[in-house]
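Reading through the structure tokens given below for one structure.
Position 1 is the first residue of the sequence, and the numbers go up from there.
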Amino acid sequence: MVGRQAVNQSIYAALSVLQHRGQDAAGIMTSDGKRSHLRKKNGLVKDVFQDKHMSELTGRIGIGHIRYPTAGSSSSAEAQPFYVNSPYGVSLAHNGNLTNADKLRDELYQQDRRHLNTNSDSEVLLNIFAQELLRAGALNVTPEQVFSAVSNVHKRVEGAYAAIAMITNIGIVGFRDPFGIRPMVYGKRETAEGVEWMVASESVALDLLGFELVDDVAPGEAIYIESNGHMWIQQCADKPVLSPCIFEHVYLARPDSIIDDISVYKSRVRMGEKLAKKILAEWPEHDIDVVMPIPDTSRAAAVELAHCLDVKYREGLVKNRYIGRTFIMPGQEQRQKSIREKLNALPLEFRGKNVLLVDDSIVRGNTSKQIIQMARDAGAAKVYMASAAPPVRFPNVYGIDMPAAVELVAHGRDEEEVRLEIGADRLFYQNLEDLVESVKVGNPGIGHFDTSCFTGKYVTNDVSDDYLASIAGHRSDSAKQDREKSSNTVIEMHNF
């Protein structure tokens, strides 16, 4: 963010409204014209930043990040933003995942003589950008140098990245990979002192702070905003092709956000309509008594589905809003424990009824299995399950934590086998073409979405079987647990 007054409180508020995107760690870095100030730590936004920390985050430009770990460990050392002091002092916050990170690590050491302190691919991206900015040249940073650096980043880096970098005392740079896999928007706010600018993952952050949504940062594009408020934007990729991740609309984004000119809420409503039509086509004489969402992301789809089926809609599962999103928790044991803590069934809504539970997706299957059992324990006569998304059968390698195929309940199983595994009396999945159409209606100009977790076809065309095997071994729940145990052992030794 580039403001006319201190930006620390605004960045804090923006991170709070984006907390759904990550609950592992949070960080803010600001620049006051002389030096940079950083606070980052594991935890929620409200816990990481206390009054004493906020008072030290001085300056009119700054960036912030909330972490959702898909690789590495959950150590505070991998919280963002990351910082390097050459050239100028550059910090960076990154959403996504680099698919050639190992190759880039070797290049940074052997060619660029740069040292990395963590296993995070975000630190890799920072050092690549910093090195290209250094190559671009002069003491005074110009827009041409910034755009040249981003252009060279695109030539070296593969995978998904929506990144915001701050050049200390000079300005901020936002850039998006040539496929636009992860979202990025920007907006402005008129004040008595002049125009303020903000770049964010979702438009809801702009809404909260009274910023006008100007546009999405296009795939391959970079936006450069100087500390004085001057803004430039330029295409920096040779052949950009907008192919955004469709799972943002299924689950990850807030319903009140606009991404790539598409209302997330409306896309989810259309998912419910399409799913209802499929159920009616396959089972016209259904005996569904009531439709219930598994809160919260499936609510819009469930309401529309109930309306189209002409059956009652009820909220039979009460959510504890102080438990985080189980999907993005960093271990299976923690996810399973949190499901029971997070949801409680209302027996009066279940007793003696044939219930259709609606979820946004079925990933590992453990959540669905436990909730179906909760419904039976609450007295449901029959429990049916509907997913607003198709079967998730393949890893997502672009920054959403579906890394190991063997951990996905639909991998290697047909729909009947999934139904038996989760214990539903009937199971309905959304058709892929219906999901795509539900989202694409909002922006017909999008020719292609990344649907790799459903199809196994990756838009960057660089994802090999060897790479998938590598990340399966590195990012599986068992691998993460082993790293956490190792990390805890180190911490205990240091404490001793």
Side chain to side chain contact (heavy atoms under 4.5 Å, CB included) filter on Asp51, not counting sequence neighbours, yields none

- prompt: Just by distance, do the side chain of Arg393 and the backbone of Ala410 share a donor-acceptor pair under 3.5 Å?
  reply: yes

- Message: Is the shortest side-chain heavy-atom distance between Met385 and Asp359 below 4.5 Å?
- Response: yes

Scanning both residues in full, the closest heavy-atom pair of Asp216 with Asp261 reads OD2-N, 3.3 Å

message: Less than 6.0 angstrom from the centroid, inside 45 degrees of the normal: does Lys457 satisfy that with respect to the ring of Phe394?
response: no

CE of Met374 to OG1 of Thr367, rounded to nearest 0.5 Å, is 11.0 Å

Other residues, nucleotides, ligands: >12 heavy atoms within 6.0 Å of Asn117 CG
yes

Sorted by chain and number, sequence neighbours left out, salt bridge (Lys or Arg N to Asp or Glu O under 4.0 Å) with Arg299 holds for Asp296, Glu315

* Could you go step by step and tell me if Ser464 and Asp466 meet the side-chain hydrogen bond (donor to acceptor under 3.5 Å, both in side chains) rule? -> CA-CA 5 Å; Ser464 65; Asp466 288 343; 5.1 Å; no

Is it true that, when you exclude His307 itself, more than 12 heavy atoms of the residues, nucleotides or ligands shown sit nearer than 6.0 Å to its NE2? no

message = Would you call the rings of Phe247 and Phe454 parallel, tilted or perpendicular, taking 30° and 60° as the class edges?
response = tilted

Is the charged tip of Arg189 near the ring of Trp197: under 6.0 Å from the six-membered ring centre and within 45° of its axis?
-> no

**Message:** Please check this pair: side chain of Arg67 against backbone of Ala25, looking for a donor-acceptor N/O pair closer than 3.5 Å.
**Reply:** no

* To do: Could you tell me whether the side chain of Arg176 and the main chain of Gly180 form a donor-acceptor pair under 3.5 Å?
  => yes

| task | Just say parallel, tilted or perpendicular for the rings of Tyr458 and Tyr398, cut-offs at 30° and 60°. | result | perpendicular

With side chains defined as the heavy atoms from C-beta onward, is the minimum distance between Thr460 and Glu158 less than 4.5 Å? no

Residues passing the side chain to side chain contact (heavy atoms under 4.5 Å, CB included) test with Glu56, sequence neighbours excluded, are none

Residues at least two apart in sequence or cross-chain that pass side chain to side chain contact (heavy atoms under 4.5 Å, CB included) with Ala6, listed by chain then number, are Asn8

- [ ] Please assess Glu123 against Thr118 for the test side-chain hydrogen bond (donor to acceptor under 3.5 Å, both in side chains), listing each intermediate value before the final yes or no.
- [x] CA-CA 7 Å; Glu123 189 187 15; Thr118 73; 2.8 Å; yes

One should read off an interatomic distance between Tyr384 OH and Asp287 CG, to the nearest 0.5 angstrom, of 3.5 Å

Checklist entry - In this structure, are over 12 heavy atoms from other groups packed under 6.0 Å from Asp465 atom CG? => result no

* Asked: Judged by atom type as modelled, is there a donor-acceptor pair below 3.5 Å linking the side chain of Asp121 to the main-chain atoms of Leu98?
  -> yes

- Query: Does the side chain of Ile66 come within less than 4.5 Å of Leu18's, by heavy atoms?
  - Reply: yes

Taking the side chain as everything from C-beta on, heavy atoms only, tell me whether Lys342 gets closer than 4.5 Å to Lys319.
yes

CG (Leu427) and CD (Glu416) are apart, to the nearest 0.5 Å, by 8.5 Å

request  = Just do the salt bridge (Lys or Arg N to Asp or Glu O under 4.0 Å) check on Lys277 and Glu273 with the steps written out, would you?
outcome  = CA-CA 6 Å; Lys277 290 179 179 179; Glu273 179 184 1; 3.5 Å; yes

Checklist entry - Taking the side chain as C-beta and beyond, is there a heavy-atom pair between Ser16 and Lys46 under 4.5 Å? => result no

The complete set of salt bridge (Lys or Arg N to Asp or Glu O under 4.0 Å) pairs with one or both residues in residues 197-212, sequence neighbours excluded, reads Arg21-Glu202

- Task: Without swapping roles, check the side chain of Asp289 against the backbone of Val355 for a donor-acceptor pair under 3.5 Å.
- Result: no

TODO: May I ask you to check whether over 12 heavy atoms, not counting those of Lys278, lie within 6.0 Å of atom NZ?
DONE: yes

Judged by atom type as modelled, is there a donor-acceptor pair below 3.5 Å linking the side chain of Ser243 to the main-chain atoms of Val459? no

**Prompt:** Do Leu252 and Thr297 have side-chain heavy atoms sitting under 4.5 Å apart?
**Reply:** no

Look at the side chain of Thr30 and the backbone N and O of Thr58, then say whether any donor-acceptor pair between them is shorter than 3.5 Å.
yes

Value for OG (Ser203) from CE (Met198), rounded to nearest 0.5 Å, stands at 10.5 Å

Q | Non-hydrogen side-chain atoms of Ile362 and Ser387 separated by less than 4.5 Å | A | yes

Margin query: Any heavy-atom pair between the side chains of Val124 and Val157 that's under 4.5 Å?
Written below: no

Note to self: Does atom OH (Tyr83) have a neighbourhood of more than 12 heavy atoms from anything else shown, all under 6.0 Å?
What the structure shows: yes

The reported gap from CD1 in Ile446 to CG in Leu242 (rounded to nearest 0.5 angstrom) is 4.5 Å

Q. Does Arg376 pair with Asp425 as a salt bridge, N-O distance under 4.0 Å?
A. yes

Discussion item. So does Ile259 get a backbone contact from the side chain of Ser257, meaning a donor-acceptor N/O pair under 3.5 Å?
Written reply: no

Output for pair (His249 NE2, Arg270 CZ), nearest 0.5 Å, gives 9.5 Å

Quick note, salt bridge (Lys or Arg N to Asp or Glu O under 4.0 Å) partners involving residues 428-441, not counting sequence neighbours, are Lys274-Glu437

Exercise. Could you give me the CA-CA distance, side-chain angles and deciding distance for Gln80 and Ser122, then say whether side-chain hydrogen bond (donor to acceptor under 3.5 Å, both in side chains) is met?
Key: CA-CA 8 Å; Gln80 298 184 41; Ser122 302; 2.9 Å; yes

Quiz item: Judged by modelled atom types alone, do Gln370 and Asn366 share a side-chain donor-acceptor pair under 3.5 Å?
Solution: no

